[in-house]
Undergrad: 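Structure in structure tokens, see below.
The sequence lines fix the lettering, A, B, ..., with proteins before strands; numbering per chain opens at 1.
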Amino acid sequence: MTVVAQGSGTLEAIPRPGSVFQRNLNLVRELSITSFKLKYTGSALGYIWSLVKPLMLFGIMYLVFSLLLKVGKGDIDFPVQLLIAIVAWTFFTEATSTAMNAVAGNGDLIRKAYFPRWILVVASTTSALLTFAINTSLVLVVTLVLGHLDLTLRSLLAPLYYLELIVLVLGLSLLLSSLFVFFRDLGHIWEILSLVLFYGSGVVFPIMLIKSTTLLDLAGLNPVAQIIQDLRYSLVQSSPLNHSMASIIGPLVTIPIVISILALVVGYLVFTRLTPKFAESL
Amino acid sequence: MNPVVEVSHVRKRFRLPLDKSTTLKYRVTHWRSSSRYRDLIALKDISFDIPPGQFLGIAGPNGCGKSTLLKILCRIYKADSGYARVNGEFSAFLELGVGFNPELTARENIFLGGAMLGLTRAQLRNKVDEVFAFAELEDFAEQKLKNFSSGMQVRLAFSVAILAQTDLLVMDEVLAVGDASFQEKCFDTFSRYKREGKTIVLVSHDLGSLEEYCDRVLLLNHGEIIADGPAAEVTAAYHRMVADHAMAAERDAPSQLSRGDPGQWGSRAIEFASVTLLDGNGQSSRRFDTAAPMTIDMQLLVHRDVGDFVIGAAIRRADGLLVSGSNTSLDHVTVSSHAPGEMVSVRFVIDSLPLLAGGYFVQVSVHDLTGSEVYDHGDPAASFHINNMGGHVGMFEMHGRWQVEHEKDVPTSAVRQTAR
């Protein structure tokens with residue numbers, strides 16, 4: 001019978017939590033906190049950069065579209081609408097483009113350790129979501145204090161639109177991250193598509209400036225346009241240029257909502273389908 | 001008792017694309033040939049069980065499929081058909097420190113590495129000090145990992161890796177890390193695991209450590225289990241396999257050194273035309289008995305008249321260990337060339353080969369007097385096998401004598417064995 005010496009010579013192991021859900025949740029949390037932290041450590045201004053970027057974009061767009069081209073004239077709260085839209089857009093584009101690399105950029109982890117692969121994508125989205133949540137809170141608090149928010153009953157829908165945005169982003173992230181492993185052109189394709197979406201979704205101008213009904217319907221079918229427009233409508237005072245997407249394109253408004261949900265379903269299905277091939281392909 | 005690991009008819013094939021076709025341009029311009037690939041069968045129908053508490057080793061040459069098998073066990077790869085099931089928790093040590101981030105502090109990396117194992121922050125918080133004590137890194141908790149020496153990183157990674165309680169431990173040759181004192185701690189940990197009845201799978205090239213630790217060893221070759229049994233038996237089978245393989249390769253290309261083989265290089269001013277092993281009767285042979293004579297017969301073809309030169313010959317064991325070697329210069333023998341096109345016959349005569357059973361290679365070399373220009377080099381130039389005759393164990397015959405004396409008034413310590 002051997003007596004095992006206690007002290008620094010041995011390290012007693014801990015039992016893992018029985019619930020797999022708890023383990024996965026914990027791993028998502030650790031990974032997203034890590035990437036959030038790493039993004040801002042080492043730079044002098046740290047987190048402020050993630051605020052400066054959308055603010056800069058806002059400044060330029062405000063200057064070009066509102067002051068020079070006068071697109072939002074007659075809409076006194078247009079700058080607030082622009083700000084809300086740009087913060088939401090920044091989340092959309094940063095989350096999807098970072099997620100693109102969530103699988104492909106973690107080849108080492110995937111080849112050497114086992115854990116559910118979707119955790120990488122969820123962690124990447126969560127990390128972007130953290131920035132988004134802080135920025136949105138700041139924007140909402142500041143605009144509320146300045147008296148530019150119009151909180152009414154319809155504002156209760158705003159959290160649902162934010163949720164729809166998250167569902168859409170997560171679905172696209174699952175899709176993009178898994179396809180990117182096998183198809184590296186996707187990075188460039190997505191960059192171009194994002195540019196089209198940026199202007200096609202009326203991020204920087206009121207969507208109702210599109211005069212052609214066909215084009216307006218077409219723009220309204222894309223979930224980014226619908227989410228951004230409905231966020232503006234639910235949070236800022238309505239005006240001739242600021243309506244809900246439902247009143248702009250009618251019953252067609254179900255389509256972008258269905259697309260958002262479908263993005264998550266399809267993204268999940270494609271991701272799980274491709275998961276077994278990741279380790280061999282990276 | 002239920003086996004901890006059940007592997008049943010696992011097959012795995014890799015499709016290796018012959019061209020890299022992951023870009024759109026390629027797909028468009030090469031759409032007709034988009035299905036060009038080469039199949040690599042990594043595992044053919046592998047089945048085995050591991051009962052609880054067994055220390056199983058997996059050995060085999062490079063490319064035999066052992067890493068693939070390990071990755072299927074760890075659910076990193078998916079088997080094409082069949083299944084590999086682990087009943088219980090497992091920890092995989094395919095590489096230490098997977099998931100660690102150099103930009104984070106040691107403490108933060110413990111939380112991150114622990115989360116990779118499935119442990120929560122709350123569980124780890126009480127454990128951090130213990131981990132630092134075990135890793136002997138108490139003073140470096142808040143240091144960034146990138147400032148750690150590789151030894152320190154390994155210590156931290158190992159300490160984290162053993163944090164989670166597990167029924168099965170899967171390891172891929174990570175034992176050869178860290179300094180000696182910490183290595184001892186690792187082995188202590190593994191021994192403790194073994195005592196506690198944990199099941200362990202170890203993949204290694206190092207037959208010595210497999211023999212030392214494993215209850216059972218699987219030998220893989222070309223994706224098949226070709227031996228399965230107690231470590232000593234399988235290790236012997238492995239030596240045999242390597243030797244046989246080399247012989248078969250030689251049979252295909254009799255006595256001739258093939259150009260382009262990575263083992264052959266040199267300026268070819270003088271070239272080995274043939275290297276043959278001769279037995280006591282002067283007959284070519286590849287099987288010898290212990291203590292039998294062996295002659296390495298080398299025929300050299302001179303392409304350039306270089307004057308005096310040196311020929312060397314060495315014997316290596318199948319696993320690469322240098323057994324013995326010498327050359328004409330060391331033994332004060334002069335060899336010279338006289339004219340291009342000349343054939344020089346050189347023999348290294350061994351009166352009695354003291355080697356014990358196993359597979360061996362002969363390596364030959366011809367170079368100038370200073371060794372600065374190598375004319376030709378054959379590694380391996382030939383291979384041979386020493387027959388198992390029972391008797392002594394190890395690598396070579398010790399030609400020792402036992403002396404036992406019985407005298408009065410002599411302390412027992414004078415009874416000794418001598419070896420010469």
Undergrad: Minimum heavy-atom separation for I14(A) and L124(B), please, with both atom names.
TA: CD1-CD2, 4.4 Å
Undergrad: Considering only heavy atoms from C-beta outward, does the side chain of E30(A) approach that of R121(B) to under 4.5 Å?
TA: yes
Undergrad: Give the member of V131(B), L163(B), I162(B), T166(B) that has the highest number of heavy-atom pairs under 4.5 Å with chain A.
TA: L163(B)
Undergrad: Just give me the residue among A279(A), A113(A), P15(A) that pairs up with chain B most often, heavy atom to heavy atom, under 4.5 Å.
TA: P15(A)
Undergrad: Can you say whether Y114(A) sits under 4.5 Å from chain B via the side chain, the backbone, both, or neither, judging by heavy atoms?
TA: both
Undergrad: Measure distances from S67(B) to the heavy atoms of chain A and classify the residue's part below 4.5 Å as side chain, backbone, both or neither.
TA: neither
Undergrad: Between R15(B), Q123(B), R75(B), K71(B), which residue shows the highest count of heavy-atom pairs closer than 4.5 Å to chain A?
TA: R75(B)
Undergrad: In terms of heavy-atom pairs under 4.5 Å with chain B, which of T275(A), T34(A), I110(A), D108(A) leads?
TA: T34(A)
Undergrad: Heavy-atom distances under 4.5 Å only: say whether R111(A) touches chain B with side chain, backbone, both or neither.
TA: both
Undergrad: Is the shortest side-chain N to carboxylate O distance from E280(A) to K78(B) below 4.0 Å?
TA: no
Undergrad: Go through the atoms of F111(B) and report whether side chain, backbone, both or neither lie under 4.5 Å from a heavy atom of chain A.
TA: both
Undergrad: If I take atom CD from residue Q22(A) and atom OG1 from residue T120(B), how far apart are they, to the nearest 0.5 angstrom?
TA: 6.0 Å
Undergrad: Checking heavy atoms, do the side chain of K12(B), its backbone, both or neither come under 4.5 Å from chain A?
TA: side chain
Undergrad: Side-chain contact, heavy-atom cut-off 4.5 Å: L11(A) with T189(B)?
TA: no
Undergrad: For a quick test of reading the model, state the closest non-hydrogen atom pair linking L109(A) to M116(B) and the distance between them.
TA: CD2-CE, 3.7 Å
Undergrad: Less than 4.0 Å between a side-chain N and a carboxylate O, is that true for E103(B) and K39(A)?
TA: no
Undergrad: Out of curiosity, L27(A) CG to L112(B) CG, how far, rounded to the nearest 0.5 Å?
TA: 8.0 Å
Undergrad: Decide yes or no on salt bridge (charged side-chain N to carboxylate O under 4.0 Å, His left out) for K37(A) and E108(B), but give the supporting numbers first.
TA: CA-CA 11 Å; K37(A) 222 187 276 179; E108(B) 290 168 320; 2.8 Å; yes
Undergrad: What is the minimum heavy-atom distance between G118(B) and P17(A), and which atoms define it?
TA: O-CD, 3.1 Å
Undergrad: As an exercise, state the distance from CG of D172(B) to NZ of K112(A), rounded to the nearest 0.5 Å.
TA: 9.5 Å
Undergrad: Name the region of A164(B), side chain, backbone, both or neither, that has any atom closer than 4.5 Å to a heavy atom of chain A.
TA: both
Undergrad: Are more than 12 heavy atoms, taken from residues, nucleotides or ligands other than Y268(A), located less than 6.0 Å from that residue's OH atom?
TA: no
Undergrad: Give the intermediate values and the outcome of side chain to side chain contact (heavy atoms under 4.5 Å, CB included) for residues R16(A) and L119(B).
TA: CA-CA 5 Å; R16(A) 304 173 218 222; L119(B) 300 173; 4.0 Å; yes
Undergrad: If you take all heavy atoms of E12(A) and K127(B), which pair is closest and at what distance?
TA: O-NZ, 2.8 Å
